[in-house]
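Beneath this line is the structure, given in C-alpha cells, with notes to follow.
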Amino acid sequence: MAQALRLARRGLYSTTPNPRVGCVLVDAGGLIGEGWHEEAGAPHAEVNAIDSAASRGHPVKGATAYVTLEPCSHYGRTPPCVEALIAAGVSRVVAAMQDPNPQVSGQGLERLRAVGISTACGLMEAEARELNIGFVSRMTRGRPWLRLKVAASLDGKTALCNGRSQWITHAPARLDGHRWRARACAILTGIGTVRDDDPQLSVRGVETGRQPLKVVVDSRLELPLSSQVLMGGKLLVAAAVSDAEKIAALADCGAEVVVLPNRQGKVDLAELMNELARRGINEIHAEAGFKLNGSLLREGLVDELLLYLAPTLLGDAARGMFDLPELSDLAGRRDLKFEEIRRVGADIRIRARLL
C-alpha cells in the first residue's frame, strides 16, 4: 500500500477534479503490475496496473490488488474499475479508504464481494485521506479544502504600510510555494493584492501540465484590464455588483465573472466556496492580503495555514497577516495545530490547521 501511495502522488498536479489514486498488483511471487491515475479522462489506476501486468507477461488471475481508494463502481468518463478488476480475475482487493463520493461510497467494495472477491479497507487510511484531502472535503462538506499561504517577517508582517511586499522570503521558499500552488485546483486572491503586487497567479519553476484556475475576489469590479492576472490561463472574478459594461470588458479579456453579493455588499465568500465546489475544485491555494485573509478566517473558511517566516523584522507600522477584530479575552482566540515545521532555505515553513 505504501508503494501504491507513492504512485498516487505522481498525479499530485494533474488529476483534478478526480482523486489521486495508485494501485499495485501482487501474487505469491511479488509485484506483478502497478499504475496510477494520471489525469482526468485517462484510465484509472486499477486499469493501468492491469495493463502493466499484461505488458510484463504476468497473469492477473488470483492476484491481490492494493489500491489507495475504493475502486469506482459507476460510469463516468471511464468505465467502472470494479468491472475491470472482476474481468481480470483478481481474488482480493485491499483499499486504503472508502470513496467519499456518494456515487461509490461502499458500493465498489460491495460489488466485489458480491462476486466472491475478498475485500479489506482501512490500511494506511490516514495517509490516503491526506493525499486527497481536497477531494474528501468537496465530497463530504460540499466545499473545497482552503489552504491559506502567508509569507511574513518574524514579527508577523506581510507588507510595508504602503503595500510593498516583494520579497520578504527568499527564493527557495518562493519556489516551495509554487509547488503548493501546483497541487491546488485554484489560486485565490483579492483585488487589493492585484493592485499592490500585480501578480500572475500562475505556477512557475515547477513542471506541471496544467495551470490552476485563477480566482480574484473583486466586489466592485475594479480589476484593471492591464493586470497580469488577465494574461493567460482561466480567470474567474467574484463580484458583488452586476455591471454589464465591466463584465463585458472582462469577458473580452477572457475572464468569467460570477456575481455573489452578501448583505453587506461584499462577495459572499461562503457561496464562492460552494460555487467552486460545483466546478470541481478540490483544493484552493489562497495568497491574499491581510483584509481577505481576515475575512476568510472570520467566516470559518480556512482549513489550513501555510506560513513562511523570514528571518527579518519589519516593525509595528507594517501590515499584519490577518485583519481580525481586537480580543478583550483570550477565550476568543483561534487555536491551531502544528502539522509540520520545516526549514526551507533561510526561511521556516509552518503548516498548521484550525482547530
Side-chain angles (χ1 to χ4, degrees), residues 133-134 137-138 140-153 155-159 161 163 165 180 184-197 199 201 214-223 236-241 258-278 281-309 314 316-339 350-355:
I133 197 162
S137 175
R138 180 164 66 89
T140 59
R141 305 189 302 175
R143 65 178 177 90
W145 181 266
L146 195 150
R147 185 177 293 113
L148 178 56
K149 181 253 185 178
V150 181
S153 61
D155 54 349
K157 303 300 180 179
T158 60
C161 57
S165 63
W180 287 93
C185 308
I187 302 173
L188 174 73
T189 196
I191 184 61
T193 298
V194 173
R195 282 197 300 255
D196 290 341
D197 297 339
L201 289 193
K214 296 178 284 189
V215 183
V216 175
V217 176
D218 181 12
S219 294
R220 295 187 293 274
L221 289 173
E222 298 172 316
L223 183 67
L236 182 69
V237 179
V241 296
V258 290
V259 181
L260 303 169
N262 62 16
R263 293 179 180 178
Q264 291 74 43
K266 302 288 187 180
V267 171
D268 188 325
L269 296 174
E271 184 53 35
L272 175 58
M273 296 301 109
N274 295 336
E275 175 63 23
L276 291 172
R278 287 191 289 268
I281 300 298
N282 294 329
E283 293 183 25
I284 297 174
H285 179 93
E287 292 193 27
F290 79 114
K291 288 185 178 180
L292 182 54
N293 287 351
S295 296
L296 290 167
L297 275 170
R298 286 195 304 273
E299 297 196 28
L301 300 174
V302 177
D303 297 301
E304 185 170 58
L305 293 179
L306 190 65
L307 175 61
Y308 294 86
L309 288 178
L314 296 183
D316 285 345
R319 294 182 183 178
M321 299 185 196
F322 314 107
D323 181 18
L324 295 173
E326 181 181 356
L327 297 179
S328 58
D329 193 309
L330 284 176
R333 66 189 178 189
R334 297 298 305 274
D335 290 329
L336 306 164
K337 177 187 176 185
F338 287 157
E339 296 288 335
I350 299 173
R351 189 164 57 85
R353 290 185 179 165
L354 279 293
L355 294 176

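As the structure is a prediction and not an experimental result, all values here were calculated from the model.
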Output for pair (Asn274 CG, Ile281 CD1), nearest 0.5 Å, gives 13.5 Å
Please give me the minimum heavy-atom distance between Gly265 and Ser219, naming the atom from each residue. O-CB, 4.2 Å
Sequence neighbours excluded, which residues qualify as side chain to side chain contact (heavy atoms under 4.5 Å, CB included) partners of Arg141? Ser137, Arg143, Trp145, Asp303
Do Arg147 and Trp180 have side chains that approach each other closer than 4.5 Å (heavy atoms only, starting at C-beta)? yes
Separation between NZ (Lys214) and CD1 (Ile187), nearest 0.5 Å, reads 8.5 Å
Do Val217 and Lys266 have side chains that get closer than 4.5 Å, going by heavy atoms? no
Could you give the distance from CG (Leu309) to CD1 (Ile350), rounded to the nearest 0.5 Å? 5.0 Å
Heavy-atom distance under 4.5 Å between the side chains of Leu201 and Val194, does that happen here? no
Let me confirm one number: the CG-CG distance from Leu314 to Asp155, rounded to the nearest 0.5 Å. 5.5 Å
Tell me every residue that passes side-chain hydrogen bond (donor to acceptor under 3.5 Å, both in side chains) with Arg278, counting only those two or more places apart in sequence or in another chain. Glu271, Glu275
Side-chain touch Leu272/Leu276, heavy atoms, less than 4.5 angstrom: yes
Excluding sequence neighbours, so at least two apart, what forms side chain to side chain contact (heavy atoms under 4.5 Å, CB included) with Val259? Ser242, Ile247, Val257, Pro261
Short side-chain to backbone donor-acceptor contact, Asn293 and Met321, under 3.5 Å: yes
Whether the side chain of Thr189 engages the backbone of Val216 through a donor-acceptor N/O pair (distance < 3.5 Å, no angle test) should be reported. no
Nearest 0.5 Å, please: how far is CG in Leu223 from CZ in Arg195? 10.0 Å
Could you tell me whether the side chain of Asn262 and the main chain of Gln264 form a donor-acceptor pair under 3.5 Å? yes
Pair listing, salt bridge (Lys or Arg N to Asp or Glu O under 4.0 Å) test, anchored in residues 322-331, at least two apart: none
Mark yes or no for whether Thr193, through its side chain, and Gly289, through its backbone, hold a donor-acceptor pair below 3.5 Å. yes
First locate atom CE of Met273, then atom CG of Leu260, and finally report the distance between them rounded to the nearest 0.5 Å. 10.0 Å
Would you indicate whether Asp335, at its atom CG, is surrounded by more than 12 heavy atoms from other residues, nucleotides or ligands within a distance under 6.0 Å? yes
So which of Lys149, Glu339, Lys337 actually passes side chain to side chain contact (heavy atoms under 4.5 Å, CB included) with Arg351? Glu339
For Arg138, what residues pass the side-chain hydrogen bond (donor to acceptor under 3.5 Å, both in side chains) criterion, not counting sequence neighbours? Asn282
Please list, chain by chain and in numerical order, all residues satisfying side chain to side chain contact (heavy atoms under 4.5 Å, CB included) with Arg334, sequence neighbours excluded. Leu354
Given side chains that start at C-beta, do those of Phe322 and Val302 come closer than 4.5 Å, heavy atoms only? no
If you compare all heavy atoms of Thr158 against all heavy atoms of Ala152, which two are closest, and at what distance to 0.1 Å? CG2-CB, 4.1 Å
Could you pull out the closest heavy-atom pair between Ala239 and Val267, with the gap in Å? C-CG2, 3.6 Å
